[in-house]
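Each remark here refers to the structure printed beneath this line.
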Amino acid sequence: MAPLSRTFFARPAADVAKDLIGATLLVDDVGGLIVETEAYDQKDPASHSYVGRTARNASMFGPPGHAYIYRSYGLHWCINFVCGAEPLGSAVLIRALEPATGIEVMRQRRGNVLPRLLCSGPGRLSQALGVTGTLDGQPLDRAPFSVLSRTAETPVVRGPRIGITRGIEAPWRFGLAGSAYLSRRFQ
DNA sequence: ACCGCGATCATCT
DNA sequence: GATGATCGCGGTG
């Protein structure tokens, strides 16, 4: 598995989101296989970048291959990979992982919960990997991050995104077909 | 299985 | 004062 290069991320968000399925995300050697993603871009009414650059979304307008991390509902952290060429303001939300390494650490952080609930959701996986706002804007090709390319061809399914009230029709959610670690099933 | 709700806070009206 | 790219729990069918 090779680290994903910055050029990998310098493409439209939907392309990156699809190609991230099957890749590996680690934070300080805790993480696993990416099984669910969603794409957001600046023209998208569901996107944080839709209203233009603000203090919160500044990382979305920075260089590709960096993290955009925000707080959700005042409680949870969620991690995105900034991507796209011009125009800026696009990112991929990482929604679910299949846990692979550091599972004991995940269990300590998440509480003694069923394995399939460790990383099945953007807030859950951020908690399991110890992701907080201090990593917002940090590059993905350096510690503590490691994002590694997938090793085999991967069957990808797609559908509408979850938990949004605008842009609900766009099929910009991607998943590993048949995975038991999705936050919700497709179709 | 589905539904409703409370937690908690940055951002915006 | 309301809203959200969420989660976990407790109720009901």
| query | Salt bridge check: are Arg161(A) and Glu38(A) linked by an N-O gap of less than 4.0 Å? | reply |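 No salt bridge links Arg161(A) with Glu38(A).
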
| said: Taking the basic N atoms (NZ, or NE/NH1/NH2) and the acidic carboxylate oxygens, is any pair closer than 4.0 Å for Asp136(A) and Arg71(A)? | reply: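 Salt bridge absent between Asp136(A) and Arg71(A).
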
Rounded to the nearest angstrom, tell me the gap between atom [atom1] in [X] and atom [atom2] in [N].
| X | N | atom1 | atom2 | answer |
| --- | --- | --- | --- | --- |
| Ile164(A) | dG4(C) | CD1 | P | 11 Å |
| Arg95(A) | dT6(C) | CZ | P | 5 Å |
| Leu75(A) | dT11(B) | CG | P | 15 Å |
| Arg184(A) | dC7(C) | CZ | P | 11 Å |
| Leu125(A) | dC7(C) | CG | C1' | 13 Å |
| Tyr50(A) | dC12(B) | OH | C1' | 16 Å |
| Asp136(A) | dT11(B) | CG | C1' | 15 Å |
| Asp41(A) | dA5(C) | CG | P | 15 Å |

Is any side-chain N or O of [X] closer than 4.0 Å to OP1 or OP2 of [N]?
| X | N | result |
| --- | --- | --- |
| His76(A) | dC7(C) | no |
| Arg56(A) | dC9(B) | no |
| Ser183(A) | dT6(C) | no |
| Arg124(A) | dG8(C) | yes |

| task | Please measure how far the C1' atom in dA10(B) lies from the corresponding atom in dG8(C), and state the result in whole Å. | result |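 Here dA10(B) and dG8(C) have their C1' atoms 22 Å from each other.
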
| Between the side chains of Arg110(A) and Gln127(A), does any donor sit under 3.5 Å from an acceptor? |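 The answer is yes; a qualifying pair exists.
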
| If you measure only the distance, is there a donor-acceptor pair under 3.5 Å linking the side chains of Asn57(A) and Ser49(A)? |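 No, no side-chain donor-acceptor pair sits under 3.5 Å.
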
| said: Just to be sure I understand the rule, does Leu93(A) reach a base, reach only the sugar-phosphate, or reach nothing, if contact means heavy atoms closer than 4.0 Å? | reply: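 Base contact.
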
| request: Could you check whether Arg110(A) gets within reach of a base, just the sugar-phosphate, or nothing at all, counting any heavy atom under 4.0 Å? | output: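 Sugar-phosphate, no base atom in range.
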
| query | If we call it a pair only when both distances are under 3.5 Å in a Watson-Crick or G-U wobble match, what pairs with dC5(B)? | reply |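 dC5(B) is paired with dG8(C).
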
| Phe186(A) six-ring face occupied by Arg184(A) cation (under 6.0 Å, within 45°) |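 No; the conditions do not both hold, so Arg184(A) does not lie above the ring face of Phe186(A).
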
| Is Tyr73(A) side chain donor-acceptor paired with the dA7(B) base, going by distance under 3.5 Å alone? |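 Looking at the base of dA7(B), it does not pair with any donor or acceptor on the side chain of Tyr73(A) (distance under 3.5 Å).
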
